[in-house]
Structure formats: structure tokens, C-alpha cells
2 protein chains.
Amino acid sequence: MDNSEKPRGGRPRAFDPDRALDAAMHLFWEHGYEATSLAMLREAMGLTPPQIYNAFTDKETLFRKALTRYHQTEIGFALEALSAPVSTREAIRRLLLGAAEAYSRPGKPGGCLFVSGALAASPQAQAIADELRTYRKASEAAIADRLARGRAVGDLPAGLSVEGFAKYLAGVMNGMSIQARDGASVEELRVLAQTALAALPAEGQNQAASSKE
Amino acid sequence: MDNSEKPRGGRPRAFDPDRALDAAMHLFWEHGYEATSLAMLREAMGLTPPQIYNAFTDKETLFRKALTRYHQTEIGFALEALSAPVSTREAIRRLLLGAAEAYSRPGKPGGCLFVSGALAASPQAQAIADELRTYRKASEAAIADRLARGRAVGDLPAGLSVEGFAKYLAGVMNGMSIQARDGASVEELRVLAQTALAALPAEGQNQAASSKE
DNA sequence: AATTATCCATATCGATCGATACGAAACCTG
DNA sequence: CAGGTTTCGTATCGATCGATATGGATAATT
């Protein structure tokens, strides 16, 4: 679990595993799991196949580590937005605008790795597709949790279905990911996010937790 | 261009090309272009490789024909909704609810082939990915056209950006496609669609776009 | 019946896929 | 330095990829 293993002896590595993992992550992000070949990884990571396999076990493990790294380095905006001490509307606004920015970063592949990584897969890669779906479902569940808290404090109507609304918001983010992949600019994604926000039920008319922010 | 070619002599086909194309389409729909192997196609279509290549040239041509067939047989709801003689809001409502149904048909793969077919692709399959993006862009353009017509007749505020709103709606549909792929039921997709409709600017209060709220 | 054209079935093709065997090289421990 | 351990570079593995060569079979045309 620790990436700074103790070298109990033996020849030291001639490369930086984190840099190599970054290169792999970007390649998977751009081309998806199956369409990214070892030859492409070899070139992008600057490593020989034995180096890759010694450091990352196999292609599937490498991809899973790339997913973890992506989660840590590229989409911190999500947890940040959902846990910020702001109103529910503001939290959702930050979430969607954060996605607009994260899905269209210059020099990075468009969209979200969790969407592009393996939306369709061969039977052999079904486990990878399932893993990505798990990430997407977790994102939706995190949104639902935030909405439920917002409803509990009066930010949202008591009758609102948090699951349904979370599915809408997660769907919008997934759609933004595809629009980003199709070349949408950060400004266009921001407009999309703002438009999506208009579906939020009016807020502020009633709240049990009065001046929250 | 005619699928009932003239048999100017020679041994007749022992299979129905349309049935075979249907099988291929469903396989591409489920697994995407690259992850669908000839071995899978061979089994699903019930044909030998020479039969496939004789009838459909190669894998890429087969996929493009599957795209055309998909467009003709599975997503007629879109053109239908956008060309129906109803209000703009009703047209968009039919579009989104039609997508909810089309993306979750029992016995068919979830989501839209135009999204799942090749969201990420290897460099060799870039042409296929571009083709699918062209289909998606065309859908968005068709929505924008409908919105522009709606705005012209006062269904929508004069200041509304049809391009921006079309990008939102196309994004929502793309997101619905992914939600469907993640197992969302037709009811859940309908709720998502209804939620997305709430972002539509109010209609009917003004025809000349006078009191813009 | 002879000719011509197309399709069918079998057996594979070369290229690429992900993954390794092997032995030399480079570090720690004793 | 000797022993142990790990990574290095080179070469290549078997499996699968998309795609075909080949020759017999079946039809319309002459």
C-alpha cells in the first residue's frame, strides 16, 4: 500500500514510477483501457515491457493504479465541492463548474477517465468496465448524500427525490464528459453547467438552518 | 445503394444480410467497435469470415453499415420529436422521453451506439471515433435547429443561446446514454429527462418575447 | 450442356496482442 | 569481498487480431 517501498537490497530502479504512472494514466485517459496497447505504454512511459510488468504487475493492475492516481490528482474538485460548508445550490454549482474545468484542461485528454476508460468493453475486460461503473456509481452516491443533507437542513424541498436528482446531476456530468471529448471548450462546458443548474428547485424561501453560509 | 442487388448469375447467398447486419449492430452496440472481434461477429452472425468479408468488405465497412442501420431502426424518435408540429417544449419533452425509452429497451444494449461505439479508440480506429462524433454533432445541430425555430416563433426567449442550450440537451442525452449503460431503468431515465426539462425557460407567457421575467 | 459468375467451407496468413525467460548488471548485507 | 536480491536489456513466447488463398459447389446465361 506504500508507494515508497523499502529497498531491502537489489538493483535500484532507473525510473520514477510515479512519472511512469502519470504517462500511463494520460494514455488510458485518451484511448481507454483496451485500445491502449503495451507498445503505446512502452513508448509513453519510456520503459521496456519487463520494467512495466515488474513495477505494475500487469496491464490491468497498471490501469487500476492509474485510476487511483487519476482520482487523487485530477478530480479533487468533486469531494471539495460536496464537502464545502456552503449551501446545497452553491455546492452543486461548484461541482458542475469544477467538472467543466477538469474535463477540458489544456494539455490533458478531454472528459473524465471514469467515463472514457471503458464505456464499452470486450468480455475479457468486463471486470475493468465494472470497476469504472463502480466509480461512477460512487460519484452519484456522493451527490445523493450531499443532496440528502441539503434536504435535511431545508436547502431543498422535503419532497424532492435525492436519488432521482443525483442521477440527473451525475448524468449531466457524464454528458459534459462526452461534450468535452467532442471538443467543447471550458466556456461552453460552463454554460452547460449553468444551464443544468436551472433545473435545481428554488432555494432559500424556506430553511430550518437559516444563515448557513 | 440498393440492398436487393441483381444476381446476374452465380450461387445465391445462404443467409439474410439484414439479419446478419442486425446481429453485428447489436454486438457493436454492446461492446463497441474495437472490442468486438471477428470471432464474436462470426458467432453472432452465424457466418464464416469469408461470408462476412464478401458481404461487408471489412470490419470498418460493416461497422459503418451497422451505424446506418442503427440510425434507421433505433432512433427514429429523435427526428420524429424534432419535426412534430408541437410546441418547442413539447418537442424537447418528446425528444428526451424518447431517448429514455430508446436507451433502455429490453433485450437491447443500454445507451446509444453513437456514444458507446467508440468513445475512446486506438490511433488505428480514429476514423471510426471521428465518424461517431460526427453523428453526435449532427444530433446537437438538429436540436439547435429546432430551438432556433422555436425562438423565431416566440416559444423561447429572444435572448436565448440556441447553441448553448442545444449543447446542454445533447449533453443530457449523452449522459442518459451512460446512465442507461450503468443499468438505469426506463423509469429512472424518464425522471432524469423530466428533471432536465425543468431547465427549459418558461414558455407561453409571452409570444413576442416581451416580458422576459 | 457449356460458360460464366458468385458463394461456400477449410485452412490459414502476417501482424500485433499481452506477457516472460534469460543472464548480466547494480545495489544492500554480512 | 562474498552472498543475496532486485532490476536491467534483449529476445521472444503463445494467443488472438483482422483478413485471405484456394478450390469445390450452385446458380443464371448462352
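FYI, side chains are in, hydrogens and waters are out, and symmetry mates aren't considered; it's all heavy atoms of this structure. None of these values were measured; they are calculated from a predicted model. Chain naming here is simple, since letters A, B, ... match the order of the sequence lines and numbering starts at 1 in each.
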Chemist: How close or far is atom C1' of C:dC17 from atom CG of A:Asp58, stated in whole angstroms?
Modeler: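 Rounded to the whole Å, the gap is 14 Å.
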Chemist: Among side-chain atoms of A:Glu131 and A:Thr134, is any donor-acceptor pair under 3.5 angstrom?
Modeler: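 No donor-acceptor contact under 3.5 Å links the two side chains.
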Chemist: Check the side chains of B:Thr48 and B:Arg42 for a donor-acceptor pair under 3.5 angstrom, ignoring hydrogens and angles.
Modeler: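 No.
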Chemist: Give a yes or no on whether a salt bridge exists between A:Asp22 and A:Arg69, defined as a side-chain N under 4.0 angstrom from a carboxylate O.
Modeler: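 Salt bridge present between A:Asp22 and A:Arg69.
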Chemist: May I ask you to establish whether A:Lys108 and A:Tyr103 are in a cation-pi arrangement, using a distance under 6.0 Å from NZ or CZ to the six-membered ring centre and at most 45° from the ring axis?
Modeler: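 No, A:Lys108 and A:Tyr103 do not form such a contact.
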Chemist: Rounded to the Å, how far apart are A:Arg42 CZ and C:dT20 P?
Modeler: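 For the pair A:Arg42 CZ and C:dT20 P, the rounded distance is 16 Å.
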Chemist: Nearest whole angstrom, please: distance from the P of C:dA21 to the OH of A:Tyr53.
Modeler: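 Spelled out: OH on A:Tyr53 to P on C:dA21 is 13 Å.
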Chemist: Please classify the nucleic acid contact of A:Phe15 as base, sugar-phosphate, or nothing, using heavy-atom distances under 4.0 Å.
Modeler: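 Result for A:Phe15 = sugar-phosphate.
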Chemist: Among side-chain atoms of A:Asn174 and A:Ser177, is any donor-acceptor pair under 3.5 angstrom?
Modeler: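 Per modelled atom types, A:Asn174 and A:Ser177 side chains form no pair under 3.5 Å.
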Chemist: Can you tell me how far P of C:dC7 sits from CZ of B:Arg11, to the nearest Å?
Modeler: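 Rounding to the nearest Å, CZ of B:Arg11 and P of C:dC7 are 10 Å apart.
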Chemist: Over how many whole Å does the gap from A:Asn54 atom CG to C:dA26 atom C1' extend?
Modeler: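 In whole Å, C:dA26 C1' and A:Asn54 CG are 14 Å from each other.
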Chemist: Indicate whether OP1 or OP2 belonging to C:dC7 is found under 4.0 Å from a side-chain N or O atom of B:Gln51.
Modeler: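 For B:Gln51, the contact criterion (side-chain N or O under 4.0 Å from OP1 or OP2 of C:dC7) is not met.
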Chemist: Please report, rounded to the nearest Å, how far the P atom of C:dC17 is from the CD1 atom of A:Ile52.
Modeler: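 It works out to 13 Å between those atoms.
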Chemist: Does a donor on one side chain and an acceptor on the other come within less than 3.5 Å for B:Arg146 and B:Thr88?
Modeler: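 There is such a pair (donor and acceptor under 3.5 Å, judged by atom type) between the side chains of B:Arg146 and B:Thr88.
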Chemist: Below 4.0 angstrom from OP1 or OP2 of D:dT7, is there any side-chain N or O of A:Arg13?
Modeler: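 For D:dT7, OP1/OP2 do have a side-chain N/O of A:Arg13 under 4.0 Å.
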Chemist: On DNA chain D, compare the nucleotides closest to B:Ala39 and B:Pro12; which residue's is nearer the 5' end?
Modeler: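 With B:Ala39 and B:Pro12 compared, the 5'-side residue is B:Ala39.
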Chemist: For nucleotides 10-15 of chain C, give me one character per nucleotide, 5' to 3': B if any protein heavy atom sits under 4.0 Å from the base, S if the only such contacts are to the sugar-phosphate, - if neither.
Modeler: B-----
Chemist: Tell me: CG of B:Leu47 to C1' of D:dA19, nearest whole Å?
Modeler: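 For the pair B:Leu47 CG and D:dA19 C1', the rounded distance is 15 Å.
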Chemist: What's A:Thr36 touching, base or sugar-phosphate or nothing? Going by heavy atoms closer than 4.0 Å.
Modeler: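 Answer is sugar-phosphate: A:Thr36 comes under 4.0 Å of backbone atoms only.
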Chemist: Is the positively charged end of A:Lys59 above the ring of A:Phe28, judged by distance under 6.0 angstrom from the centroid and angle within 45° of the axis?
Modeler: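 The answer is no; the distance or angle limit is not met.
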Chemist: Rounded to whole Å, how long is the line connecting atom CG of A:Asp16 with atom P of D:dT7?
Modeler: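 About 15 Å, once rounded to whole Å.
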Chemist: Base, sugar-phosphate, or nothing: which does A:Ala14 touch, judged by heavy atoms less than 4.0 Å apart?
Modeler: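 Contact class for A:Ala14: sugar-phosphate only.
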